[in-house]
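Report on one structure; see the data block that follows.
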Number of protein chains: 2
Amino acid sequence: MLNQSAALDLMFQALADPSRRVMVDRLTRGPASVSELAKPLAMSLPAVVQHLQVLEASGLVRSEKVGRVRTCHIEPKALRNAEQWIAERRTIWERRLDRLGAILAAGEDESGESKT
Amino acid sequence: MLNQSAALDLMFQALADPSRRVMVDRLTRGPASVSELAKPLAMSLPAVVQHLQVLEASGLVRSEKVGRVRTCHIEPKALRNAEQWIAERRTIWERRLDRLGAILAAGEDESGESKT
DNA sequence: GTGATACTTAAGCACATGCTTAACCAATCG
DNA sequence: CGATTGGTTAAGCATGTGCTTAAGTATCAC
């Protein structure tokens, strides 16, 4: 398994492209073939396949080929990882603000706290 | 204002680099100067400043310079946008699974639904 | 004023990304 | 069978990214 950080790299990188987000968006509504994914995108099929490879490398999407059609679907656990990284940071921030608020409220008339 | 998609591009792109995530992480614990942000990173100061520019362009971080030190802080609203994009997609997916489950449960003994 | 500190600007370089076209292969269809 | 459909592979190219070093500029400390 990749280390946590490298996995997030791939994940956020994958989400950083609008075409790939369109593909993910489509896949949240159910599985699709490569050419279905390609339909709304103004680019060649090989380009779409390359985007798909980025998505698969990130773990966000999986696909299997049966006959001559490759069917893609989302891996929601992966989405969750990215979401969680962000949520954790937001939480830290909010807790910090709470503490800060408490300190300010308590020390409203004084001026010297220990540090920062 | 940037359109929604371009904003997400910048946001996810900004989060796609481990050094930048370290910087964001640091900033969730409170404001910091450029050289404080640089300390844990094994790279030159200019490189750090370039990362900082990416973060600012994404709206995730802001900074002001007073005297000769530039102080950076996080913009938690921006974090929220990225989180929300992901959360929405996950929700769509989960609702879909619920519907699918209901359909399967209802039609457990039949075999012809209208279409996929 | 002299020097250290905290950046800032600019140039350059190696490698990654996002596309393209052309050619190819393998499963259907008629 | 031969033609289509669905996808794959390979090569090439323009632009972007992540760093570097070298040379500034603007405070602040003495």
side-chain hydrogen bond (donor to acceptor under 3.5 Å, both in side chains): pairs with one or both residues in residues 39-52 of chain A, sequence neighbours excluded | A:Arg20-A:His51
Whole-Å distance between [N] [atom2] and [X] [atom1]?
X: A:Glu56; N: D:dG7; atom1: CD; atom2: P; result: 13 Å
X: B:Leu52; N: C:dA6; atom1: CG; atom2: P; result: 16 Å
X: B:Asp9; N: D:dG16; atom1: CG; atom2: C1'; result: 13 Å

Phosphate contact (C:dT17 OP1 or OP2) by A:His51 side-chain N/O below 4.0 Å | no
Please confirm whether A:Arg96 makes a cation-pi placement over A:Trp93, using NZ or CZ under 6.0 Å from the six-membered ring centre and within 45° of the ring normal.
-> yes
Strand-adjacent residues in residues 11-37 of chain B, judged by heavy atoms under 4.0 Å from DNA chain C = B:Ser33, B:Val34, B:Ser35
When you compare the protein's N or O atoms with those of nucleotides 20-24 of chain D, which come within less than 3.5 Å of each other, and at what distance?
| unit_1 | atom_1 | unit_2 | atom_2 | d |
| --- | --- | --- | --- | --- |
| D:dT20 | OP2 | B:Ser44 | N | 2.9 |
| D:dT20 | OP2 | B:Ser44 | OG | 2.7 |
| D:dT20 | O4 | B:Gln50 | NE2 | 3.2 |

For residues 54-64 of chain B, which side-chain N or O atoms pair as donor and acceptor with protein atoms under 3.5 Å away, sequence neighbours left out?
| unit_1 | atom_1 | unit_2 | atom_2 | d |
| --- | --- | --- | --- | --- |
| B:Glu56 | OE2 | B:Ser63 | OG | 2.8 |
| B:Ser58 | OG | B:Leu55 | O | 2.7 |
| B:Ser58 | OG | B:Leu60 | N | 3.1 |
| B:Arg62 | NE | B:Glu75 | OE1 | 2.9 |
| B:Ser63 | OG | B:Arg70 | NH1 | 2.9 |
| B:Glu64 | OE2 | B:His73 | NE2 | 3.0 |

Taking C-beta and beyond as the side chain, do A:Leu15 and B:Ile86 meet within less than 4.5 Å on heavy atoms?
-> yes
Cluster overlap B:Val49 with B:Val69, hydrophobic side-chain contacts below 4.5 Å | no
Are A:Leu97 and B:Ile74 co-members of a hydrophobic cluster defined by side-chain heavy atoms under 4.5 Å apart?
-> yes
Qualifying salt bridge (charged side-chain N to carboxylate O under 4.0 Å, His left out) pairs, either residue in residues 21-32 of chain A, two or more places apart | A:Arg21-B:Asp9, A:Asp25-A:Arg29, A:Asp25-B:Arg89
Verdict with reasoning, B:Glu88 to A:Thr28, per side chain to side chain contact (heavy atoms under 4.5 Å, CB included) | CA-CA 10 Å; B:Glu88 278 166 14; A:Thr28 55; over 6 Å; no
Only one of B:Val24, B:Leu41, B:Leu37 clears side-chain contact (heavy atoms from CB on, under 4.5 Å) with B:Ser19; which?
-> B:Leu41
Among residues 62-70 of chain A, which contact DNA chain D at a heavy-atom distance under 4.0 Å?
-> A:Lys65, A:Arg68, A:Val69, A:Arg70
Look at the rings of B:Trp85 and B:Phe12 and say which category their plane angle falls in: under 30° parallel, 30 to 60° tilted, over 60° perpendicular.
-> perpendicular
